[in-house]
Structures are given as C-alpha cells and as structure tokens.
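Down below is the structure, laid out as structure tokens.
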Amino acid sequence: MMEWTDRHCRFFHRLLTRRALIYTEMLTTGAVLRGNRARLLGFDAFEHPVALQLGGSDPAALAQCARIGEEFGYDEINLNVGCPSDRVQEGRFGACLMIEPALVADCVAAMKAAVKIPVTVKCRIGVDEQDPDQALFSFADAVKAASADALIVHARKAWLKGLSPRENREVPPLDYAIVHRLKAAHPDFEIVLNGGIAGLEQAQEQLAHVDGVMMGRAAYQEPWRLLGVDPLLFGEAAPVVSAKEAALALIPYIDRELAKGARLHSITRHVLGLFRAVPGARAFRRHLAVEAVKPGAGSTVMADALALVLDTGTDLSNIAA
C-alpha cells in the first residue's frame, strides 16, 4: 500500500471503523534511521490501533527501528516479507526474504527483544519456483520459533522475475486453502489471511478458517465498505451512520492540516471512492479532482463536493451491493 495508507488516509479510515487495525505504508529501515522521523512516523492519536510496517533484513537495524516505532506510540510492528518490487529486492528485503527464513527469524527475534508491543510478519506463500507447501510451512515454523505474534499471509506466490509489482497482486492465483491448512497445523499461532478479499461478507466467511483478514485495495478503493466492519465483525455500531457523515467529520481535520502546511489534494485523494452508485458520486469525484489540486484550495472544496451527493439515510453498503 505504498503511497496509499499515509497518515491522512489512516485518519479518514478511522472515521469509518473504530475496531479495525490499520497499517502504515512500508518504511525501510534506512528511511526510519536516516530520514525525517517526525514526517515519516508521526500520526494522530485518533488512528489507534495502528501498526508500523517495516522493510529491512538487518536484525540490528530492525530492532532499532522497532524501538523507535514503539517510542512513537505504535501498537504493533510488522515486518514486510511480501513486497515483490525490484527496488525492494535490490535492498534485500520484501518477498525475496521468503528464501531466507532463518534470517527473517533472526530479525523477528531481535525486534521481539527490543520492544514490548507485538511483532508480526507479512509474507507470501512462496516465491518463483518454490513449492508453497514447503516454503510457507517452513517459513511459518521459523518465525513462530522466533516468537512472532502473528503471520499475515498474502495467499499468492510472488514472481520476482517476469512480473511487475502490480501483476504480482493480480496474476498469481490465490490459494486460500493452503492458508487454511497452515492455520490447522498451528492452532496456537495467529494466522491472518490477505489477498483478493473484496468485501466484508467474504472476510467473514474466511474467519471460519483463520484468525483475521487483512483488506488492502478493496478498503482503499471503496472505503465505504469499512462502515460495515464494526457492526458485522465486532457487533458494535459504526462510528458514523453514513459515508457522507464521515466525510463531513473529516473537514475539521482538513482545516487543522492545511493550517500546518498540508495541501488539500494530499488528503482528499484518499476519499474519491467513498461513494458508489449514489446520485452525485461522479460529480463529487470530479469536483475534488479539479478543485482540490488548485493552489490555496481549502476545506470549502470538500464541503462543496459533498453538497453534490444526494443525502440518503440508506446504508451505503446496501446501495452499492
């Protein structure tokens, strides 16, 4: 979710669900150790619970970054062993680490020794010519032995040669069954399923087999779906009654961030998918796309865009189903 789940996105998503665990973009250890930490790691307390996702392969550097993340107040540290991009491979982190489970285990052990908050790992079911039944199960054994608190499995292989990062999210076939078998083999180890989950009903079905479900693109591209998380999965009322109410609640945040120097488009770009099959949704998107990028654009742009959307008391998840 690089360049997607930044702090503005996470604040907006938290307006839609209080209970879902939200993840940051993947940050490399080099960026955390040498970059502008306030800009990279800073977040609003409203975002809790929020996990910091790291990319790296040096146990000492990851331990230091995990400690920094804990000091910033994150609720979890997640090690990404699933990203297949060329840049990530060149840095010896991401999905290429699937072939080095012992090193990943050392990284997990170092981070666990450095922090008191949970340390989790996100991986694929294998890479390139690996046999997933061997690669995934051996990998899980290694990180579990290192005391990882959970394993999040994107149920696709990653092809490091021949497929782009985008193709790696869509072309390799999904294999939910292998993740189910992994959970059955490790009843005492938290296993979370990721990959291709398009809606909450599908997520709920998967929860019969695994401990949790991670939604990525569906949650970002159609954030209205998050309104159903708390009622459907946690038996609690949603924070707001409608997507439009959530967007209105974002306006005070927009004003605060603009006063700090943020540009409106950096916030509103995350809300473009909020309305689907609702009269005025296209006009809403068009207005933000045109007006939010203009110099000096303020929160009135958001208010004006929302005025183009039909008021409805009907639950949006029903409208868009």
_For the aromatic rings, using the six-membered ring if either is Trp, is the centroid distance between Tyr74 and Phe43 under 6.0 Å?_
yes
Arg18 and Glu236 ion-paired at < 4.0 Å
no
Rounded to the nearest 0.5 angstrom, the CD-CG distance for Glu205 and Leu193 is 12.0 Å
Using a strict 4.0 Å threshold on nitrogen-to-oxygen distance, state whether Glu47 and Arg10 make a salt bridge. yes
Listing, residues 184-191 side-chain donor-acceptor contacts under 3.5 Å, not counting sequence neighbours, or none:
unit_1: His186; atom_1: ND1; unit_2: Lys144; atom_2: NZ; d: 3.1
unit_1: His186; atom_1: NE2; unit_2: Asp141; atom_2: OD1; d: 3.3
unit_1: Asp188; atom_1: OD1; unit_2: Lys144; atom_2: NZ; d: 2.9

Applying ring pair (Phe, Tyr, Trp, His ring centres under 6.0 Å) to Phe12 and not counting sequence neighbours gives none
Pair Arg14-Asp44, salt bridge (Lys or Arg N to Asp or Glu O under 4.0 Å): steps then yes or no: CA-CA 10 Å; Arg14 185 56 73 209; Asp44 194 293; over 6 Å; no
Here the gap from His154 atom NE2 to Leu174 atom CG, rounded to the nearest 0.5 Å, amounts to 6.0 Å
CZ of Arg256: more than 12 outside heavy atoms within 6.0 angstrom?
yes
Worksheet entry | Carboxylate-amine/guanidinium contact Glu70 Lys116, below 4.0 Å | no
d(Leu54 CG, Thr24 OG1) to nearest 0.5 Å is 7.0 Å
- Query: Between Val121 and Ile152, is any pair of side-chain heavy atoms under 4.5 Å apart?
  - Reply: no
- prompt: Quick one: do the His270 and Tyr220 side chains pair a donor with an acceptor below 3.5 Å?
  reply: yes
By side-chain hydrogen bond (donor to acceptor under 3.5 Å, both in side chains), Asp211 pairs with (sequence neighbours left out) Lys183
Next item on the list: Compute whether any side-chain donor of one residue and acceptor of the other, for Asp149 and Thr120, lie under 3.5 angstrom apart.
Entry: no
Are side-chain N/O atoms of His48 and Asp75 paired as donor and acceptor at under 3.5 Å? yes
- For His209 and Tyr176, does a side-chain donor sit closer than 3.5 Å to a side-chain acceptor? no
Carboxylate-amine/guanidinium proximity below 4.0 Å for Asp6 and Arg269:
yes
